[in-house]
Amino acid sequence: MAKFTSQQLQQWGLSPQSLPRHVAIVMDGNGRWAQEKGRPRTFGHRAGTERLREIIRFSSDAGIGALTLYAFSTENWRRPEEEKSVLFSLLVEYFSKEIDELHENNVRITIFGEKDPFPQKVCQALVRAEERTRDNTGLRLNIALNYGSRAEICRAVRLCCEESAKTGAYPGDEAFEQHLYSAGQPELDLLIRTGGEQRLSNFLLYQAAYAELYFTPVFWPDFTREEYILALQAFQKRARRFGGL
Ligand code: FPP
């Protein structure tokens with residue numbers, strides 16, 4: 001349920017009727033943000049983690065249906081051990097600190113990606129967060145971890161083939177979508193990438209078919225609620241035709 005009133009949203013220049021149903025964010029630029037300050041990259045990841053609270057809270061209070069955050073890609077395993085280890089500690093710390101409030105706010109957490117390759121402590125924190133919030137009916141908060149869109153699509157194809165072999169039926173679009181991590185969630189309307197790069201980097205390739213893309217040079221740790229509102233305003237100015245006229 002949205003906690004902001006229509007008037008509040010309008011004060012921020014947002015129309016309550018046409019908010020995106022599903023927003024995805026590539027949270028890029030943590031490393032450069034830290035390096036600009038002469039600090040180690042991991043300092044940027046910590047600042048980036050602190051930024052999450054405000055953006056998640058705003059999405060939930062505005063009544064956005066789903067928020068998908070790209071936190072660790074299948075390619076990020078190539079990062080130095082020390083950086084990965086800090087990221088994993090931040091994940092565990094994040095869930096232990098934030099889970100009560102997320103749960104109280106009726107947020108349902110889903111992990112997009114295979115959890116098994118993560119250290120046991122991380123895996124446990126992720127499974128617990130999903131289980132604890134499973135019955136919540138508010139914001140769908142998806143955290144993409146060990147996620148890659150091509151792997152997600154290949155997995156869905158494999159699952160469809162397995163089903164087909166059993167039933168003898170040819171799976172259609174709907175059956176395919178049921179095997180994506182985003183199954184049953186609202187259509188992706190807006191994909192934001194912070195940090196200045198303008199590419200999708202193997203994120204939600206199937207789901208982004210009709211999404212509006214918003215690129216900002218702002219580094220993720222500086223992506224405040226005000227910056228988020230700018231992205232939402234830009235989304236609401238786009239004419240969406242979905243292939244029609
Ligand atoms: C990209 O910045 C960011 C990441 C690879 C990690 C994103 C992770 C977080 C914001 C924190 C953990 C998340 C949760 C859900 C607790 P980069 O390091 O590639 O930045 P750069 O492009 O400046 O090098």
Side-chain angles (χ1 to χ4, degrees), residues 23-60 66-103 105 107-115 117-119 121-130 132-133 139-149 181 191-204 215-225 227-228:
V23 178
I25 312 183
V26 181
M27 307 180 289
D28 202 9
N30 292 346
R32 281 167 287 159
W33 180 89
Q35 278 162 347
E36 268 190 359
K37 293 177 163 45
R39 305 292 299 264
R41 293 175 52 80
T42 48
F43 180 70
H45 292 315
R46 180 163 285 282
T49 309
E50 280 156 19
R51 185 55 66 202
L52 291 170
R53 162 183 275 265
E54 189 178 341
I55 301 303
I56 295 170
R57 190 62 201 255
F58 188 87
S59 306
S60 169
L67 175 67
T68 303
L69 303 171
Y70 207 0
F72 194 86
S73 72
T74 41
E75 290 69 36
N76 288 151
W77 291 105
R78 297 188 203 128
R79 299 229 169 165
E81 287 306 321
E82 197 227 321
E83 185 169 339
K84 284 188 285 185
S85 148
V86 170
L87 277 169
F88 298 159
S89 307
L90 282 170
L91 275 168
V92 174
E93 192 184 313
Y94 175 78
F95 284 109
S96 85
K97 266 200 204 153
E98 301 289 327
I99 193 71
D100 288 340
E101 192 182 320
L102 290 167
H103 187 45
N105 284 309
V107 172
R108 178 173 168 191
I109 297 167
T110 304
I111 306 303
F112 283 12
E114 294 298 326
K115 297 185 269 291
F118 288 105
K121 255 189 128 175
V122 179
C123 245
Q124 276 173 353
L126 303 177
V127 172
R128 277 200 209 116
E130 281 187 316
R132 179 140 178 234
T133 61
L139 175 74
R140 298 286 310 248
L141 174 62
N142 308 309
I143 304 185
L145 282 163
N146 185 29
Y147 174 86
S149 190
Y181 292 117
L191 192 150
I192 298 171
R193 182 174 185 141
T194 64
E197 309 289 354
Q198 303 197 2
R199 56 176 169 261
L200 295 184
S201 297
N202 202 14
F203 189 42
L204 303 176
F215 300 107
T216 169
V218 171
F219 294 142
W220 172 250
D222 285 334
F223 193 76
T224 55
R225 191 170 94 150
E227 291 292 340
Y228 192 26

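In listed order, ligands and their atoms are each counted from 1. Numbers here simply count residues along the sequence, with the first being 1.
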Has the side chain of S60 got a donor or acceptor atom that lies under 3.5 Å from a matching backbone atom of L139?
-> no

To the nearest 0.1 Å, how far is atom 24 (O) of ligand 1 from its closest protein heavy atom, and which atom is that?
-> R41 NH1, 2.9 Å

Among all protein heavy atoms, pick the one closest to atom 19 (O) of ligand 1 and tell me residue, atom and distance.
-> R79 NH2, 2.8 Å

Does any N/O atom on N30 come nearer than 3.5 Å to any N/O atom on ligand 1?
-> yes

Would you say ligand 1 has an N or O under 3.5 Å from any N or O of W33?
-> no

Among all protein heavy atoms, pick the one closest to atom 4 (C) of ligand 1 and tell me residue, atom and distance.
-> H45 CE1, 3.9 Å

Do the charged groups of K97 and E50 touch, with an N to O distance under 4.0 Å?
-> no

Got an N/O contact under 3.5 Å between Y94 and ligand 1?
-> no

Nearest heavy-atom neighbours spanning F219 and G195 | CD2-CA, 3.9 Å

Ligand 1 and W220, any nitrogen or oxygen pair closer than 3.5 angstrom?
-> no

Counting only N and O atoms by type, is there a donor-acceptor contact under 3.5 Å from the side chain of N146 to the main-chain atoms of K115?
-> no

In terms of ring plane angle, is the pair F203 and Y70 parallel, tilted or perpendicular, where the classes change at 30° and 60°?
-> parallel

Ligand 1 versus E75, non-hydrogen atoms closer than 4.0 Å: side chain, backbone, both, neither?
-> neither

Classify the ring geometry between F112 and Y181 as parallel (under 30°), tilted (30 to 60°) or perpendicular (over 60°).
-> parallel

Would you mind telling me if ligand 1 is within reach of the side chain of L69, the backbone, both or neither, using heavy atoms under 4.0 Å?
-> neither

Would you say the side-chain atoms of R193 pair up with the backbone N or O of R199, donor to acceptor, closer than 3.5 Å?
-> yes

Not counting sequence neighbours, which residues clear side-chain hydrogen bond (donor to acceptor under 3.5 Å, both in side chains) with K37? List them please.
-> none

side-chain hydrogen bond (donor to acceptor under 3.5 Å, both in side chains) filter on N30, not counting sequence neighbours, yields H45

Look only at the side chain of R51 and the backbone of P221, and say whether a donor-acceptor pair between them is shorter than 3.5 Å.
-> yes

N or O contact, G29 vs ligand 1, cut-off under 3.5 Å = yes

May I ask you to identify, for E197, whether its side chain, its backbone, both or neither come under 4.0 Å of ligand 1 on a heavy-atom basis?
-> neither

Give the atoms of ligand 1, by number and element, whose distance to some non-hydrogen atom of G31 is under 4.0 Å.
-> 17 (P), 18 (O), 20 (O), 21 (P), 23 (O), 24 (O)

among protein heavy atoms, the one nearest atom 1 (C) of ligand 1 is M27 O, 3.2 Å

Answer yes or no: is there an ion pair linking K84 with E81, defined by an N-O contact shorter than 4.0 Å?
-> yes

What is the closest protein heavy atom to atom 12 (C) of ligand 1, and at what distance does it sit?
-> T49 OG1, 3.7 Å

Specify the protein heavy atom at minimum distance from atom 15 (C) of ligand 1: its residue, its atom name, and the distance to 0.1 Å.
-> L52 CD1, 3.7 Å

For N76, the ligand 1 atoms whose distance to one of its heavy atoms is below 4.0 Å = 5 (C)

To which of I25, D28, L141, L145 does the heavy atom nearest atom 17 (P) of ligand 1 belong?
-> D28

Which residue owns the protein heavy atom closest to atom 6 (C) of ligand 1, what's the atom, and how far is it?
-> A71 O, 3.4 Å

State whether the shortest distance between N or O atoms of I143 and N or O atoms of ligand 1 falls below 3.5 angstrom.
-> no

Can you pull out the closest protein heavy atom to atom 21 (P) of ligand 1? Residue, atom name and distance to 0.1 Å, please.
-> R32 NE, 3.5 Å

Is there a donor-acceptor contact under 3.5 Å from the side chain of W220 to the main chain of G48?
-> yes

